[in-house]
There are 2 protein chains.
Amino acid sequence: MQSRSPAAARPGRPRSAAADAAILAATREALVELGWSKLTLGDVATRAGVAKTTLYRRWSGKNELVVDAVAELFDELCLPDRGSLAADIEGVVLQFAAILARPEARSGLMAVVTEATRDDALRARIRASIVDRQKGLVLEGRSRAQQRGELPPEADPEESARTVDLIFDMVAGAVVHRTLVSGRPADEEWVRGFTHILLRGLTAPS
Amino acid sequence: MQSRSPAAARPGRPRSAAADAAILAATREALVELGWSKLTLGDVATRAGVAKTTLYRRWSGKNELVVDAVAELFDELCLPDRGSLAADIEGVVLQFAAILARPEARSGLMAVVTEATRDDALRARIRASIVDRQKGLVLEGRSRAQQRGELPPEADPEESARTVDLIFDMVAGAVVHRTLVSGRPADEEWVRGFTHILLRGLTAPS
DNA sequence: ACGCTTTCGCTACGAGTCGTAGCGTAATGC
DNA sequence: GCATTACGCTACGACTCGTAGCGAAAGCGT
């Protein structure tokens with residue numbers, strides 16, 4: 001029960017880390033050029049310079065591969081301290097919008113979310129590698145705002161968790177809908193208006 | 001230049017309206033059982049009791065067919081007058097959430113939006129048959145609220161249009177994200193919390 | 001009743017993708 | 001050297017795609 005680490009020193013030839021990187025990069029490239037529906041694993045393998053069988057040895061299918069390829073795009077997401085809650089929100093929303101403006105994120109992210117409606121394992125994979133990271137930003141931003149005194153400290157932890165979930169759905173949902181459904185850019189002007197409404201909704205006296 | 005109506009009295013055998021209904025119903029049924037990716041036009045044709053060629057004569061492909069099939073789900077969407085802006089919003093959001101709770105809407109709607117990221121004609125079709133109808137509800141609700149005095153009348157029409165777009169992205173985006181990404185139901189409790197924040201953001205003094 | 005026109009159901013087809021199996025070779029640890 | 005695993009390559013059956021061709025059916029005008 002000891003060696004269960006993922007990269008345990010197993011005997012035999014190790015998997016090429018370069019191949020992993022090449023495959024994920026090729027997947028994003030194919031997403032840009034072909035989109036989700038016309039992306040084939042054979043094509044990705046050719047672009048990456050690996051055999052198709054190598055691809056199937058590491059990923060069980062198109063869904064899992066694209067999740068990993070898209071997840072790397074969210075690595076750059078962080079929460080810079082801009083001094084006020086409003087500025088922090090605007091900053092992170094603009095970062096999120098910049099990622100969603102990239103074509104590989106647009107087609108890839110939406111597609112895997114679609115597939116996840118019928119695949120619980122895939123949904124868990126998305127949550128672990130993408131969604132939870134975003135939610136962490138919401139938690140961090142609220143913690144900062146409470147330290148600044150911009151938000152009251154939470155009393156009920158359960159109520160607090162519900163509020164975080166709600167804020168997260170509102171932020172991510174609005175940006176995604178603006179970018180992908182309305183088809184218009186989430187630029188600074190839009191983000192300012194959105195932040196304005198959200199912030200007043202959170203802080204105004206009832 | 002006279003007879004340009006879509007169903008002009010053309011000579012020859014008319015298209016079967018019953019076949020249209022059967023095909024769209026079969027498409028929704030297949031969406032429930034198979035989901036988007038495993039749905040094939042041949043299977044839909046078999047379920048509907050029509051030939052595959054008939055399907056291709058009326059729709060150019062899977063995307064357009066599913067848009068029409070899903071669009072019918074939104075026919076029931078309306079804005080009941082509940083007496084206050086808060087109640088109106090809660091009512092229509094709950095209706096929207098009820099539609100998104102159906103599996104054929106979950107997999108179908110998200111899938112066509114995904115495909116629309118690379119297909120402008122498809123995006124226009126979605127906007128015409130689904131999105132614009134929802135946006136109309138936002139306009140109607142705001143108009144009512146202004147008559148009641150719950151919202152101030154708009155001065156700048158351009159600013160007004162921007163606000164409507166923003167509200168629409170926030171409402172639809174939050175419900176979609178809650179339902180499809182977070183994977184939790186947009187039940188009454190959640191809708192109350194959401195409406196509370198949105199409404200305070202819209203009406204609280206700055 | 002008769003043609004004209006369009007739709008419909010059916011069959012068949014080449015093209016493309018899928019996911020897997022088999023084989024020989026390359027890379028690592030003992 | 002030897003065991004073990006990863007890799008590249010080829011080939012395969014099964015499936016879906018979108019289209020073409022055909023004869024039959026259903027309307028409309030004369």
Side-chain angles (χ1 to χ4, degrees), chain A residues 2-27 30-31 33-66 68 111-112 115 118-119 121-122, chain B residues 2-27 30-31 33-66 107 111-112 115 118-119 121-122:
Chain A
Q2 183 187 1
S3 58
R4 269 286 169 257
S5 56
R10 291 180 304 181
R13 177 177 176 176
R15 288 191 171 175
S16 162
D20 264 355
I23 290 172
L24 293 176
T27 303
L31 274 177
E33 291 183 20
L34 305 173
W36 162 265
S37 56
K38 293 183 180 174
L39 180 148
T40 70
L41 293 194
D43 183 61
V44 170
T46 304
R47 290 172 189 264
V50 301
K52 192 172 62 165
T53 44
T54 298
L55 243 159
Y56 279 102
R57 287 190 189 102
R58 307 191 183 194
W59 286 276
S60 59
K62 191 169 159 178
N63 294 338
E64 288 74 14
L65 172 63
V66 173
D68 288 2
V112 294
E115 293 299 311
R118 327 201 90 255
D119 184 340
L122 184 62
Chain B
Q2 184 186 0
S3 59
R4 270 283 169 258
S5 56
R10 290 182 303 180
R13 177 176 177 175
R15 288 191 171 173
S16 162
D20 264 355
I23 290 171
L24 292 176
T27 302
L31 274 177
E33 292 183 19
L34 306 173
W36 162 265
S37 56
K38 292 183 180 174
L39 180 148
T40 70
L41 294 194
D43 183 61
V44 170
T46 304
R47 289 171 189 265
V50 301
K52 191 173 59 164
T53 44
T54 298
L55 241 158
Y56 279 102
R57 288 191 190 99
R58 308 190 182 195
W59 286 277
S60 58
K62 191 169 159 178
N63 293 339
E64 289 74 14
L65 172 63
V66 173
S107 34
V112 293
E115 294 298 311
R118 324 201 93 253
D119 186 340
L122 184 63

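So that the names make sense, note that chain A is the first sequence line, chain B the second, and so on, each numbered from 1.
Residue A:S16 is in sugar-phosphate contact alone, with no base atom involved, counting any heavy-atom pair closer than 4.0 Å across all strands shown.
Between the P atom of D:dC7 and the CD1 atom of A:I23 lies a distance of 8 Å, rounded to the nearest Å. Rounding to whole angstrom units, CH2 of residue B:W59 and P of D:dC17 are separated by 16 Å. Note: CG (A:L55) to C1' (C:dA21) measures 17 Å, nearest angstrom. For the pair B:K62 NZ and C:dT17 C1', the interatomic distance rounds to 13 Å; values are reported in whole Å. The CZ-P distance, from B:R13 to C:dT7, rounds to 10 Å in whole Å. Here the P atom of nucleotide C:dC18 and the NZ atom of A:K52 are 7 Å apart, to the nearest Å. When rounded to the nearest whole Å, the span between NZ of B:K38 and P of D:dC17 equals 14 Å. Remark: P of C:dA15 and CG of A:D43 are 20 Å apart, rounded to the nearest angstrom.
Of the listed residues (A:L55, A:L65, A:D43, A:L41), just one forms a side chain to side chain contact (heavy atoms under 4.5 Å, CB included) with A:T27, and that residue is A:L65.
Across C:dT5, D:dA26, C:dG22, the shortest atom-to-atom separation from the side chain of B:P11 is found for C:dT5. Distance from the side chain of A:R57 is smallest for C:dG22 among the nucleotides C:dG9, C:dG22, C:dG19. Here the side chain of A:P14 is nearest to one of C:dA27, D:dG18, D:dC9, namely C:dA27. For A:V50, the side-chain atoms get nearest to D:dG8 when compared with the rest of D:dG27, D:dG8, C:dG9. Listed nucleotides C:dG9, D:dC9, C:dC18 differ in distance to A:Y56; the shortest reach to its side chain belongs to C:dC18. The side chain of B:T53 has C:dG9 as its nearest neighbour among C:dG9, C:dA27, C:dC8.
Two residues, B:G12 and B:R58, neighbour DNA chain C, and the one matched to the more 5' nucleotide by heavy-atom proximity is B:G12.
A salt bridge links B:D20 with B:R58: at least one charged nitrogen is closer than 4.0 Å to a carboxylate oxygen.
Across every non-hydrogen atom of B:A30 and B:R47, the tightest pair is CB-NE, 3.7 Å. Considering all non-hydrogen atoms of both residues, B:A22 and B:A48 come closest at O-CB, 3.7 Å.
Taking side-chain N and O atoms only, A:R15 has a distance below 4.0 Å to OP1 or OP2 of D:dA6.
The side-chain heavy atoms of B:W36 and A:R118, taken from C-beta on, include no pair separated by under 4.5 Å.
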